[in-house]
Amino acid sequence: MDLVNIIYRYVNRFINSEELIHNLENLDKKNFSKEENSKIKKLIEEVKEIVKTVPIKIDQIEINRLTMINRLLDALDEAKISDNMDENKKEETRNFIQKRRKSLLEDQEKVRDSGPRYEALYDCLVENEVYTKYCQNMNALELLEFITQFISVPVTPKIDQETFDDLVKVGIKEDKRESLWRLAMNYNDKNKDFSKIEDYFIEKRDNYYLAELISGVNEDLDLDHLIEKVSNTNDFDFIKKLANTDYLQDIFSKNQKEYVKNFLKENEAK
């Protein structure tokens with residue numbers, strides 16, 4: 001696991017400081033110059049000093065994480081196995097619930113860095129010269145793949161709209177529809193324009209990814225304009241599939257659904 005990925009996983013709280021130190025110490029030194037290895041060694045010393053001197057204090061993000069785990073555990077406890085299932089399906093469901101519960105309990109017990117320690121380590125890590133150098137050296141495709149390794153994280157790389165559009169452009173060139181959708185998910189509610197992504201999904205008549213985009217980031221979309229663009233395709237099969245997607249019914253307004261219904265009725269009659 002390379003330096004950039006280790007730090008990205010830490011700042012997004014996938015790993016704690018113990019795992020951070022372990023991963024940093026086990027970096028392949030051959031991948032770095034002598035000067036870079038010296039700076040990484042210094043970084044590890046700084047991280048260890050922070051861990052030794054700065055306490056963990058539960059913060060709101062950690063409270064939210066634990067609250068979510070408790071909700072999921074409660075949901076598993078209340079889950080009922082249907083009598084209509086055959087015995088194999090019942091056993092499969094019981095095993096799934098058991099494994100999921102075990103995983104959640106392990107996650108609940110794991111000590112996560114939060115509060116002052118997390119904040120101090122965050123500043124130390126993201127300001128490291130070697131880390132920033134390798135971040136800046138990524139080309140658009142590498143950065144797109146790096147960001148979209150996770151569907152959504154709370155702390156994404158800080159990029160402007162121009163850089164975002166560059167990532168969209170390379171995603172379109174390589175026809176990376178999953179990556180384009182994940183890119184939007186990562187920058188949901190972060191003042192980014194997703195119109196080029198929605199235009200591409202419309203152009204490709206990709207009902208699945210357009211529906212996923214609407215479902216995931218509808219607050220960032222101009223739904224009236226999107227409906228107009230979809231209608232302008234005059235591809236009635238495409239329009240019907242989107243209009244009939246169950247999980248979008250609560251997203252579109254009554255007026256928007258009525259507009260689509262009337263549009264299909266009027267044009268199919270021609």
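A donor-acceptor contact closer than 3.5 angstrom is absent between the side chains of Asn255 and Ser253. Looking at Ser114 and Lys57, their side chains never bring a donor and an acceptor atom within 3.5 Å of each other. Looking only at atom types and distance, the side chain of Asn186 has no donor-acceptor partner in the side chain of Thr156 under 3.5 Å away. Using modelled atom types, one finds no donor on one side chain facing an acceptor on the other under 3.5 Å when comparing Glu92 with Asn88. For the residue pair Asn31 and Asp2, no side-chain donor N or O sits within less than 3.5 Å of a side-chain acceptor on the partner. With 3.5 Å as the limit, one finds no donor-acceptor pair spanning the side chains of Asn70 and Thr67. Side-chain N/O atoms of Glu178 and Tyr209 include a donor and acceptor closer than 3.5 Å.
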Candidate pair Asp224 and Gln256, rule side-chain hydrogen bond (donor to acceptor under 3.5 Å, both in side chains), full reasoning = CA-CA 7 Å; Asp224 287 332; Gln256 288 166 340; 2.9 Å; yes
Check against ring-ring contact (aromatic ring centres under 6.0 Å, His included), Phe14 and Tyr8 = CA-CA 9 Å; Phe14 290 109; Tyr8 195 63; 8.0 Å; no
Kindly determine whether Arg13 and Asp113 satisfy salt bridge (charged side-chain N to carboxylate O under 4.0 Å, His left out), including the steps that lead there.
-> CA-CA 8 Å; Arg13 305 195 189 212; Asp113 293 353; over 6 Å; no
Could you give me the CA-CA distance, side-chain angles and deciding distance for Glu228 and Tyr259, then say whether side-chain hydrogen bond (donor to acceptor under 3.5 Å, both in side chains) is met?
-> CA-CA 10 Å; Glu228 181 183 352; Tyr259 170 85; over 6 Å; no
Pair Tyr134-Glu36, side-chain hydrogen bond (donor to acceptor under 3.5 Å, both in side chains): steps then yes or no | CA-CA 11 Å; Tyr134 280 95; Glu36 288 171 340; 3.1 Å; yes
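Salt bridge Glu129/Lys133: absent, no basic N to carboxylate O contact under 4.0 Å. Ion pairing of Asp107 with Arg65 is present here, as a side-chain N (NZ or NE/NH1/NH2) and a carboxylate O approach within less than 4.0 Å. Under 4.0 Å is where a charged nitrogen must lie from a carboxylate oxygen, and between Lys42 and Glu45 no such pair does. Salt bridge Glu46/Lys39: absent, no basic N to carboxylate O contact under 4.0 Å. At a threshold of 4.0 Å, the pair Lys110-Glu19 counts as salt-bridged, since one of the basic side-chain nitrogens sits closer than that to a carboxylate oxygen. Between Arg177 and Asp206, at least one side-chain nitrogen of the basic residue sits less than 4.0 Å from a carboxylate oxygen of the acidic one, meeting the salt-bridge criterion.
In this structure, Leu43 and Cys124 approach most closely via the heavy-atom pair CD1-SG, 3.5 Å. Taking each heavy atom of Arg117 and Ser17 in turn, the nearest pair found is NH1-OG, 3.6 Å. When all heavy atoms are compared, the tightest approach of Thr53 to Pro55 is O-CD, 3.8 Å.
When atom types are taken as modelled, the side chain of Lys192 and the backbone of Ile159 share a donor-acceptor pair closer than 3.5 angstrom. Within the 3.5 Å criterion, the main-chain N or O of Val155 finds a donor-acceptor partner in the side chain of Asn12. Judged purely by atom type and a 3.5 angstrom limit, Lys257 uses its side chain to pair as donor or acceptor with the backbone of Gln249.
Just one of Asp165, Leu144, Asn139 meets the side-chain contact (heavy atoms from CB on, under 4.5 Å) condition when paired with Val170; it is Leu144.
Between Tyr187 and Phe164, the ring planes lie perpendicular to each other; the angle is over 60°, past the 30° to 60° tilted range. Relative orientation of the Tyr122 and Tyr118 rings is tilted, given thresholds of 30° and 60° on the angle between their planes.
One finds the CD1 atom of Ile40 at 11.0 Å from the CD atom of Glu35 (value rounded to the nearest 0.5 Å). Atom CE of residue Met68 and atom CG of residue Leu104 lie 11.0 Å apart, to the nearest 0.5 angstrom. In this structure, Leu221 CG and Ile251 CD1 are separated by 9.5 Å, a value rounded to the nearest 0.5 Å.
With a 4.5 Å cut-off on side-chain heavy atoms, Leu121 and Val11 do not count as touching.
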